[in-house]
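Report on one structure; see the data block that follows.
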Amino acid sequence: MPELPEVETTRRRLEQSLIGQTFDSVTVTWPRSIRTPVSELQRELPGLRIEALDRRGKYLSFRLSNGYFLLLHLKMSGRLMVESKAIKPHLHVRTRFGLSNGHELRFKDTRKFGRVYFLKDAKPILGKLGPEPLDDHFTPDAFQRLCRGHKGRLKPSLLNQEFIAGIGNIYADESCFEAGLHPASRLEDLSNSDLRRLYKAIRTILTKALNYEGTTLDEVYPEGEFQNHFQVYGRREQTCFRCQTPIQRIILAGRSTHFCPVCQPCAKEH
DNA sequence: CTAAAATCCTGGTGGC
DNA sequence: TGCCACCAGGATTTTA
């Protein structure tokens with residue numbers, strides 16, 4: 001559920017306290033989340049300094065002093081915090097990255113979906129991702145070219161990280177509403193004007209969510225307050241703020257999908 | 001080729 | 001109060 005706005009908010013909040021710090025230990029209580037041999041991580045990470053903390057899609061990327069990268073994916077329930085080693089870690093902290101300043105970077109992950117990678121080169125993972133929706137290089141023209149080279153339904157495409165990076169279930173639904181497009185529309189049925197609206201909608205929604213420091217649901221990642229500004233997500237059977245029609249919920253690509261049947265007509269029908 | 005379904009996980013919820 | 005089936009969902013893997 002942490003999507004681009006939540007991951008970026010996490011990055012911004014952690015950056016100050018982590019840049020320049022040096023790792024001194026790694027403690028793992030759920031080894032399956034570590035996609036590098038745990039012994040290698042524990043042998044190699046201590047002594048390395050954090051040079052930069054970046055985000056690509058939903059990944060956080062630590063650039064280390066030996067040129068290696070530590071990649072973290074929060075998946076469903078992951079949360080990162082920096083705490084003093086003296087504070088007893090929460091039950092659901094699965095990995096603790098000890099720092100030489102007496103603190104720890106703690107990876108709390110109730111549902112155990114989160115992933116940790118320690119790699120010489122981040123490209124094999126980050127290179128597969130589609131464009132960054134808020135990047136300056138992501139222009140309306142670039143988006144149109146992207147869509148014209150892709151087949152499939154709108155919402156599943158938005159969730160496909162190789163198509164476009166960083167969008168998850170919440171922001172896919174909110175972006176479709178903002179664009180006035182039915183989430184099951186086929187990309188090839190969208191007009192150029194539909195695509196321009198969609199481009200603008202994606203940027204508007206992600207920017208707005210970022211300004212609210214993301215979404216807080218189920219106390220999983222108490223980051224921001226965008227949940228107070230949902231138009232459709234989680235609003236099944238509540239009335240549309242724009243036209244008062246009840247919001248519908250369907251399953252698309254195996255994911256619950258919320259939309260207004262009046263404000264978001266199917267592309268073919270208009 | 002695309003697309004749907006199963007998989008991994010836990011905590012919370014609703015039914016009885 | 002307890003038990004249990006069921007749901008949420010990101011990305012990968014399997015099946016159709």
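The figures here come from the full heavy-atom set of this structure, side chains too, leaving out hydrogens, waters and symmetry mates. Letters A, B, ... mirror the listed sequences (proteins, then strands); counts begin at 1.
The side chain of A/Tyr171 contributes no N or O atom lying less than 4.0 Å from OP1 or OP2 of C/dG10. Under 4.0 angstrom from either OP1 or OP2 of B/dT10 there lies no side-chain N or O belonging to A/Arg94. Residue A/Thr110 places no side-chain N or O under 4.0 Å from the OP1 or OP2 atom of B/dC9. At the phosphate of B/dT10, neither OP1 nor OP2 sits under 4.0 Å from any side-chain N or O atom of A/His92. OP1 or OP2 of C/dA11 has at least one side-chain nitrogen or oxygen of A/Lys58 nearer than 4.0 Å. Applying the 4.0 Å criterion to OP1 and OP2 of B/dT10, one finds that A/Lys112 has a side-chain N or O inside that range.
Each of A/Leu91 and A/Lys151 lies near DNA chain B, and the nucleotide nearest A/Lys151 is the one positioned closer to the 5' end.
A 6.0 Å sphere centred on NZ of A/Lys200 holds no more than 12 heavy atoms belonging to other residues, nucleotides or ligands.
Taking the charged nitrogens against the carboxylate oxygens, A/Lys85 and A/Asp24 do have a contact shorter than 4.0 Å, which makes a salt bridge.
At whole-Å resolution of the value, CE in A/Met76 and P in C/dT12 are 15 Å apart. With rounding to whole Å, A/Leu252 atom CG is found 11 Å from B/dA5 atom P. Taking atom CZ of residue A/Arg255 and atom C1' of nucleotide C/dC7, one finds them 11 Å apart after rounding to whole Å. One can place CG of A/Leu74 at 14 Å from C1' of C/dG9, the figure rounded to the nearest angstrom. Counting to the nearest Å, the C1' atom of C/dT13 and the CD atom of A/Glu162 are 13 Å from each other. Separating the CG atom of A/Leu154 from the P atom of B/dA3 is a distance of 13 Å, rounded to the nearest angstrom. For the pair A/Arg115 CZ and C/dA11 C1', the interatomic distance rounds to 9 Å; values are reported in whole Å. Going from atom NZ of A/Lys75 over to atom C1' of B/dC9 covers 11 Å, rounded to whole Å.
Nucleic acid contact class of A/Tyr233 (heavy atoms, under 4.0 Å, all strands): sugar-phosphate only.
Ring to ring, A/Tyr68 and A/Phe118 are close: their centroids are under 6.0 angstrom apart.
Aromatic stacking is marked for A/Phe113 over C/dG10, as both cut-offs hold: 5.5 Å for the centres and 30° for the planes.
Proximity of A/His90 to A/Met81: side-chain heavy atoms (C-beta onward) are nowhere separated by under 4.5 Å.
Classification of the A/Phe143-A/Phe138 ring pair by plane angle, with boundaries at 30° and 60°, yields perpendicular.
For a distance-only test at 3.5 Å, the side chain of A/Arg111 fails to qualify as a donor-acceptor partner of the base of B/dG11.
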